[in-house]
Each structure stands twice: as C-alpha cells, then as structure tokens.
There are 2 protein chains.
Amino acid sequence: MSNNNVMRIQDLKQACKSCSLRDLCLPLGISPNDLELLENIISRKRPVHRGDVLYQAGHPLSCLFAVRAGCIKTFIITDDGEEQITGFHLPGELLGLDAIIHDVHPCTAVALETTSVCEIPFDQLEELASHTPSLQHQLFRIMSRELQSDEQLMLLLGKRASDARVAAFLLNLSDRFGQRGFSRREFNLSMSRIDISNYLGLAVETVSRMFSRFQTDGLVEIDRRLVTILDVDALQEIAGIRTPNDQQSMRQSDTHS
Amino acid sequence: MSNNNVMRIQDLKQACKSCSLRDLCLPLGISPNDLELLENIISRKRPVHRGDVLYQAGHPLSCLFAVRAGCIKTFIITDDGEEQITGFHLPGELLGLDAIIHDVHPCTAVALETTSVCEIPFDQLEELASHTPSLQHQLFRIMSRELQSDEQLMLLLGKRASDARVAAFLLNLSDRFGQRGFSRREFNLSMSRIDISNYLGLAVETVSRMFSRFQTDGLVEIDRRLVTILDVDALQEIAGIRTPNDQQSMRQSDTHS
DNA sequence: CGATCGCTTGATTCATGTCAAGCTAGGTGG
DNA sequence: CCACCTAGCTTGACATGAATCAAGCGATCG
C-alpha cells in the first residue's frame, strides 16, 4: 500500500498520447486534436485489486472501461446461478459495450489481478464520437472485433474437442500477449484453472489433464501459472489451426451443401 | 417466377418510413429528416432464394444487409472445413457488422428461404452516421444487441445440456417471431435439423430426439418444420429460464467466490 | 414409380463429466 | 521455526450423456 500514491500520480500523468496501448485501444488513428478531446473525458483510476468488481450485472451503464494493465474477466450469470465467463480482457481492450442496448450491464466484470483501467463515461464518449468521425470509426471497429472474437469462441464451444479448446486458449493468450509487446513464449495465467474451464465449457479436471498431456508431450511447460510454449506448430495442429505451410495445400472453397 | 416482377416493384416502393420493421431495424428513433437521408443510401434488392449467398467469408466488406423478410444464416468456416453457424437472422436484423474490423467478411451469409434484404453501403452509412447522432446511437445499440445475443449463445454452448439448448432455441425463435408480430405459439422453422444441430453444437440425431421427447411430453407439436408451442413454462424450465413466479423466490446475489 | 434427401429411431461407443483421493504451495498460529 | 490448514490443482476410477453407427421411414422430385 505504500506505493499506492506513487502509482496514482503516475497514472494520472499518463495520457492516451503517451500510452503504450494507443494502437490497440480507442486512440488508434485519431488525430492529435481529437485525441486531446478524448483524453479530457477519460479518467484514470488507481489500480483495482484481485477480486474487485468493476461493474455488476444489472447495474446501469455509466462508463466503459479500458484495461491498461492487468486482466479483467467478464461473465454472465443465469437465474439459477450458473456463470459463463465471456472473456478475459487484456490491456488495450474495452469493456462494457454489451451494455449499450439496454443501458444495463448484462455481465459482471471482476479483476483477476492488480489491474489499472481507464474509465470513460459512455454518453460523453458517444457525444464526442458524433463530432469525431475517426473516433466513431474506431468504436465501430472495436465492437466489430468483439463480435468476431465471440464467433471464434462459439466455434470453439460448439465444435471443438477438449484438447483443441485448451490449445486454442493457450495460443490465443500467447498471441495477445505478443501483440502487446510481451513474450509469446512465456507468460503468466492470471486466471485460475476453474476460470479457464468455465470459459472453455469444460470441467476443471479436463483442463488439468490437457495441461498435463501437453506437458508430457513436450508441447508446453506449465509450472503453476507460468506457461512456456515449446511447440507452437503442434499446438496449432491440435487447435485446428493449420500451420502456414499446410494452409496453402489444405485450402478448399465451395464445399457447403 | 411469374410474380417476380410484382415483388420487385413492391419492394422498391417500400421505404423505411413505411416499413413494418422500423422499430427493430436501423430507423428506430431517427427523425423524419434523417430517415430520408438514410433511405437514400439504402437499396432494396429483389428477393434472394434458398441457398443464395449474400456474401462469402473472405470477401471485402462493401455493404451491410438488413433482413426484411425471410431468414438468413451466417457461419464461419475453419481451415479444415468445419462450419459453425453463428446466427439465424430474422427480419429487422442487420448483417455484416463483424466485417468492419478487417474490412473483410469473416462469415458467409446464405438465405434459408426466399428472403428480401436491404443493402446498405457501409462507408456511406458510416458517413451519414457521423452527421446523425441518432443513427450513430442506433448503430451502437444494434452492435451491442449482437454482442449480448452472442453471450447468450456462449452460455448455451458452454454450460447447457442438449435438452436445454433445444428448448432455449425454440423459445428464442418464438420470442423473436412474437416481437415481429407473428405468432409466438406457431411458426415455421426455415432451417434444417442439420442447421439447428450445427448452431447448437449437437448432433442431428440429438436434436431430433429432443424434438421427439418434447413432443411425447406434450410440450410442443412438431410436424416437419411447423412448430407449435404447447407448454411455454415447461420449456422455460428445461431451458434454465425460470418462470416469472419462481424468479422472485430464486433470486440471490453476491454468490461468487 | 423409383431415387433421393431429410429426418427419426435404436444400438453401441467414447469422450468428458463426476466422484474421490491425494498432492503442493502458501499462509497462519502455536 | 515448525506443524497444520486450506485452496488450488492433479490424478485415478467410474458413470453417463451425447456422438457415432446403422437402419428404416416418409415426403418430394424427376
């Protein structure tokens, strides 16, 4: 807690234009002038901690949240108390877009580790976007990206066996860490095995078994939550993603009834 | 084919302001002036037929499509040829939003029956939206709605047993038909059992068995593709959606670890 | 009238869930 | 500092729901 002040001051100073995430987050492709306007409506909160709730299902939408560091999970919860995790959100991602339609959050968002977020009042953002075509465009792009990644998850949940789900999960994380300038090869899981199994629609035991199997097969090394990817190609094969070489030869179109 | 011309003329006359779908589709909440501008960029195509492709995965994004009558399925297709249907789209829904991020359609869209659509050039729509806050807002709402319905499907695919998936599917269709002014009780499935099974992540045989079971249990009557819902409450129970009465007593919050 | 396609139904197999037990790291209190 | 406790994870044994395989039915179409 002694360095809380230090972090807060640092946070408040760090604006979008100097943020390392500007190419992933809202500011992408926005002119310096417009960027300044955007910065004015964004507030940088001091870090939230593991287990802290950003917003809860049922709460009215007031702000969107951009993850700056750390990791946030979002999940929907049914009447009978079952949860389905809808995403693990890494730096540069925007949360709360699914709340726009009813002005109410359908998901709960919880920090998986110490995480810092930017808070963006949605009505102000929308107002600004209506004068700022590039911002509007970027918002459309972000929502579209979300739609596409949802489709990928549907495919995983609907069609893939347990080993493919786990492999795809690891590769997806690896890739996203890589995009953010971290190692694609070695990274930490901020979510528990239970979270992973929930997200992938599997039992915890199944996830654990797949981790073990991949490890004995020499594809990864997993020590507690530290993952080291050893054989990307093999994992891609399992995940149902052909390697670039194979892709060429496997390609075929017009094969639907 | 003899009434093709008749339909075409009728189509071209029918503008957004007189369209029965204006409360579901883009025009919602848009002023008459703005509506006229919107109408100018929308073209009404004559009907497409069963099996016709609206757009194919990999094609560049040029237009969004609004369904006016009929039904369109969208699906992603993996390198190894597996398909996952991502949605069945009824009148008033907008297709192609997932293509914005990369200017390329990730999905293929195919008509399940004779279907008429409005074609909306995306760049013009975006341009218009940047001058028309109400249109921008409506676009955000539509994308947000899509995100939410994706989350529902994830829950279904990740957590629910086969009977719950099929029950939820029937109730969802029933509800959407109801919203469009059709009967909630009796409707036609425009998709095959294979499509349903693909969408729900099940085998065809399982879907068929569930239909049979629901029928012998007196919950529905299914004759070929004509569905009659007989016991909504029981279906909701199976789908994991409590009836309004139960909901009250079952409610509980703050039950996450 | 026969062929085909979409669907249903039954028998069997298999992947994954469930149950149960044990392990390990990290935290807590004596 | 050690012993215990707990939570999270792993591993094994077993149960089961849904996939697969196989056969037959019925409507539609040429």
Side-chain angles (χ1 to χ4, degrees), chain A residues 50-51 73 82-85 110 112-113 156-170 188-217 220-227 238-240 256-257, chain B residues 1 49-51 73 82-85 110 112-114 156-170 188-217 219-227 238-240 256-257:
Chain A
R50 185 175 146 68
K73 74 168 171 181
E82 246 177 336
E83 289 178 12
Q84 169 71 42
I85 295 178
V110 174
L112 290 175
E113 57 186 287
L156 219 58
L157 293 174
K159 293 279 165 303
R160 299 307 201 185
S162 57
D163 56 350
R165 298 189 200 189
V166 175
F169 173 75
L170 291 174
N188 252 290
L189 301 174
S190 40
M191 66 293 290
S192 68
R193 303 289 195 267
I194 294 180
D195 284 338
I196 297 171
S197 67
N198 180 306
Y199 179 66
L200 296 176
L202 299 170
V204 203
E205 292 92 331
T206 306
V207 172
S208 187
R209 274 185 254 270
M210 290 306 139
F211 278 0
S212 301
R213 204 181 88 190
F214 292 167
Q215 185 148 9
T216 56
D217 291 355
V220 296
E221 205 174 288
I222 301 183
D223 175 30
R224 198 139 180 77
R225 295 204 173 173
L226 180 68
V227 174
I238 292 171
H256 68 277
S257 56
Chain B
M1 287 291 162
H49 298 101
R50 185 174 145 70
K73 74 168 173 182
E82 245 176 336
E83 290 179 12
Q84 169 71 42
I85 295 178
V110 175
L112 290 175
E113 56 185 289
T114 301
L156 218 59
L157 294 174
K159 294 278 165 303
R160 300 305 201 186
S162 57
D163 57 350
R165 296 189 201 190
V166 175
F169 173 74
L170 291 175
N188 253 290
L189 300 173
S190 40
M191 64 294 289
S192 68
R193 303 289 195 266
I194 294 180
D195 284 337
I196 298 171
S197 68
N198 179 307
Y199 179 66
L200 296 176
L202 299 170
V204 204
E205 293 91 332
T206 306
V207 173
S208 186
R209 273 185 254 271
M210 291 304 140
F211 278 180
S212 301
R213 205 181 87 191
F214 292 167
Q215 185 148 10
T216 56
D217 292 355
L219 310 184
V220 296
E221 205 175 289
I222 302 183
D223 175 31
R224 197 137 180 78
R225 294 203 173 174
L226 180 66
V227 175
I238 292 170
H256 69 276
S257 56

Show me the donor-acceptor pairs, under 3.5 Å and distance only, between side chains in residues 194-205 of chain B and residues at least two apart or in other chains.
from	atom 1	to	atom 2	distance (Å)
B:D195	OD1	B:K73	NZ	3.0
B:S197	OG	B:R193	O	3.3
B:S197	OG	B:I194	O	2.8
B:N198	OD1	B:I85	N	2.8
B:N198	ND2	B:E83	O	3.1

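Going from atom CD1 of B:I196 over to atom C1' of C:dC7 covers 11 Å, rounded to whole Å. Rounded to whole Å, atom P of D:dA18 lies 12 Å from atom CG of B:L156. In this structure, B:D223 atom CG and D:dC25 atom C1' are separated by 15 Å, rounded to whole Å. When rounded to the nearest whole Å, the span between CZ of B:R225 and P of C:dT8 equals 10 Å. Rounding to whole angstrom units, CZ of residue B:R160 and P of C:dT16 are separated by 21 Å. We find that CD1 of A:I194 is positioned 6 Å from P of D:dC9, with the value rounded to whole Å. Following rounding to the nearest Å, B:L189 (CG) and C:dC7 (C1') show an atom-to-atom distance of 13 Å. Between B:I238 atom CD1 and D:dG17 atom P the separation is 15 Å, expressed in whole Å.
Atom CE in A:M191 sits 8.5 Å away from atom CZ in A:R225 (nearest 0.5 Å).
Considering only side-chain atoms of A:E205, the nucleotide from D:dA18, D:dT11, D:dC9 that sits closest is D:dT11. Closest to the side chain of A:S212, from the set D:dT11, C:dT9, D:dA19, is D:dT11. Residue A:R193 has its side chain nearest to D:dT10 when only D:dT10, C:dT18, C:dC7 are considered. Among C:dC7, D:dA18, C:dT18, the nucleotide with an atom closest to any side-chain atom of B:S162 is D:dA18. The side chain of B:S192 lies closest to C:dC7 when the candidates are C:dT18, D:dA18, C:dC7. For B:R209, the side-chain atoms get nearest to D:dT20 when compared with the rest of C:dG6, C:dT16, D:dT20. Distances were taken from every side-chain heavy atom of A:S208 (C-beta onward) to each of C:dC7, D:dT11, C:dG17; the shortest belongs to D:dT11. Checked against C:dG17, C:dT9, D:dA19, the side chain of B:L202 finds its nearest nucleotide in D:dA19. The side chain of A:R224 approaches C:dA25 more closely than any other nucleotide in the set C:dC7, D:dA18, C:dA25.
Side-chain contact between B:I238 and B:F214 is present, with heavy atoms from C-beta onward closer than 4.5 Å. Using a 4.5 Å heavy-atom threshold, the side chains of A:E82 and B:R160 count as touching. The side-chain heavy atoms of B:Q84 and A:L156, taken from C-beta on, include no pair separated by under 4.5 Å. Within the 4.5 Å cutoff, the side chain of A:N188 has no heavy atoms near those of the A:V227 side chain. Under the 4.5 Å side-chain criterion, counting only non-hydrogen atoms from C-beta, B:F211 is not in contact with B:T216.
Comparing A:G201 and B:V207 against DNA chain C, the residue whose closest nucleotide sits nearer the 5' end is B:V207.
At the heavy-atom level, B:R213 lies nowhere under 4.0 Å from the strands shown.
Within the helix from C:dC1-D:dG30 to C:dG30-D:dC1, the inter-axis angle between the opening and closing five-pair segments is 30°, rounded to 10°.
The phosphate of C:dG17 has OP1 or OP2 within less than 4.0 Å of a side-chain N or O from A:T206.
Enclosure of atom CZ in A:R50 is not indicated, since only 12 or fewer non-hydrogen atoms of other residues, nucleotides or ligands lie within 6.0 angstrom.
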